[in-house]
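As a basis for the values below, the full set of heavy atoms in this structure was taken, side chains included, without hydrogen atoms, waters or symmetry mates. Everything quoted here is computed from the prediction, not taken from an experiment.
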Amino acid sequence: MTSPNPICVALDTPDLGRARLFVNSLRGHVGYVKLGMEFFYAHGAEGYRAIANEGVPVFLDLKLHDIPNTVAQGLRSLMALSPAPAIINVHATGGLDMMKAARDAVPAATRLIAVTVLTSLSNENIHAAGFDAARDTAAHALALAKLTHSAGLDGVVCSPHDLAGIRASLPRSFLTVVPGIRPADSAAHDQKRIATPKTAVEAGADVLVIGRAITG
């Protein structure tokens with residue numbers, strides 16, 4: 001189930017005490033907290049449990065990307081976490097077989113989503129990396145979203161700039177988790193394709209990932 005509160009706060013810190021302070025302050029005000037590589041690599045399963053046991057659903061943002069068997073086995077290990085993540089993700093560029101293997105490894109109670117194009121990447125960045133020069137980021141994200149849907153995953157992580165095509169082409173039940181969310185007067189930092197919360201929601205975002213605009 002998707003939380004009725006669309007706000008997901010990114011706890012992008014390796015400091016366990018700081019993360020616990022944030023989650024205690026945010027309980028009752030947000031739908032999710034996000035734990036990423038910075039936190040999980042520092043504290044592992046023990047740190048995850050310390051945050052997850054505070055009662056706010058967790059988006060475990062580790063962006064798995066490897067051969068199908070390795071990703072599936074990694075996800076099976078992560079599914080042993082208790083309480084289980086509400087949302088977990090892989091990279092769509094891992095391909096159809098990898099995403100199908102991931103789907104088999106994750107029970108339906110956890111929403112399995114795939115990252116399309118990172119919000120830090122521009123058209124020039126994806127073309128320099130060897131992706132189709134005839135596609136801009138929105139077209140590339142849409143192609144990856146369609147692949148993700150065909151693999152049976154629950155949704156995608158996408159830029160607010162890529163939402164229109166995804167919403168027009170895929171079922172409304174397909175979850176869109178959207179980073180790059182900034183209030184109108186906030187700095188972009190290292191993200192290039194951003195939007196305000198209002199603009200993202202109007203475009204069809206289900207979950208708004210907000211980090212430094214809240215935690216900073």
With a 4.5 Å limit on heavy-atom distance, are the side chains of [X] and [Y] in contact?
{"X": "M99", "Y": "T148", "value": "yes"}
{"X": "V90", "Y": "V115", "value": "no"}
{"X": "I113", "Y": "L175", "value": "yes"}
{"X": "V177", "Y": "C8", "value": "no"}
{"X": "L16", "Y": "F39", "value": "yes"}
{"X": "V71", "Y": "N69", "value": "no"}
{"X": "S150", "Y": "L96", "value": "yes"}
{"X": "P171", "Y": "H149", "value": "yes"}

Over 60° means perpendicular and under 30° means parallel, so tell me whether F40 and Y48 are parallel, tilted or perpendicular.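 Aromatic pair F40/Y48 classed perpendicular.
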D154/R103 salt bridge by N-O under 4.0 Å criterion: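 Between D154 and R103 there is a salt bridge, with a charged N closer than 4.0 Å to a carboxylate O.
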Lys/Arg-Asp/Glu bridge criterion (N-O < 4.0 Å) met for R20, D15: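 Judged by the 4.0 Å cut-off on N to carboxylate O distance, R20 and D15 do not form a salt bridge.
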Might you point out which heavy atoms bring A86 and P57 nearest each other, and give the distance in Å?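 Nearest heavy atoms, A86 then P57: CB-CB, 3.8 Å.
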Distance-minimising heavy-atom pair for P85 and L78: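 Minimum heavy-atom separation between P85 and L78: CD-O, 4.3 Å.
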Do F131 and H127 have ring centres separated by under 6.0 Å?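 Not close enough - the centres of the two rings lie 6.0 Å or further apart.
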Could you tell me whether the side chains of R167 and T176 share a donor-acceptor contact shorter than 3.5 Å?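 On atom types as modelled, these side chains qualify, holding a pair under 3.5 Å.
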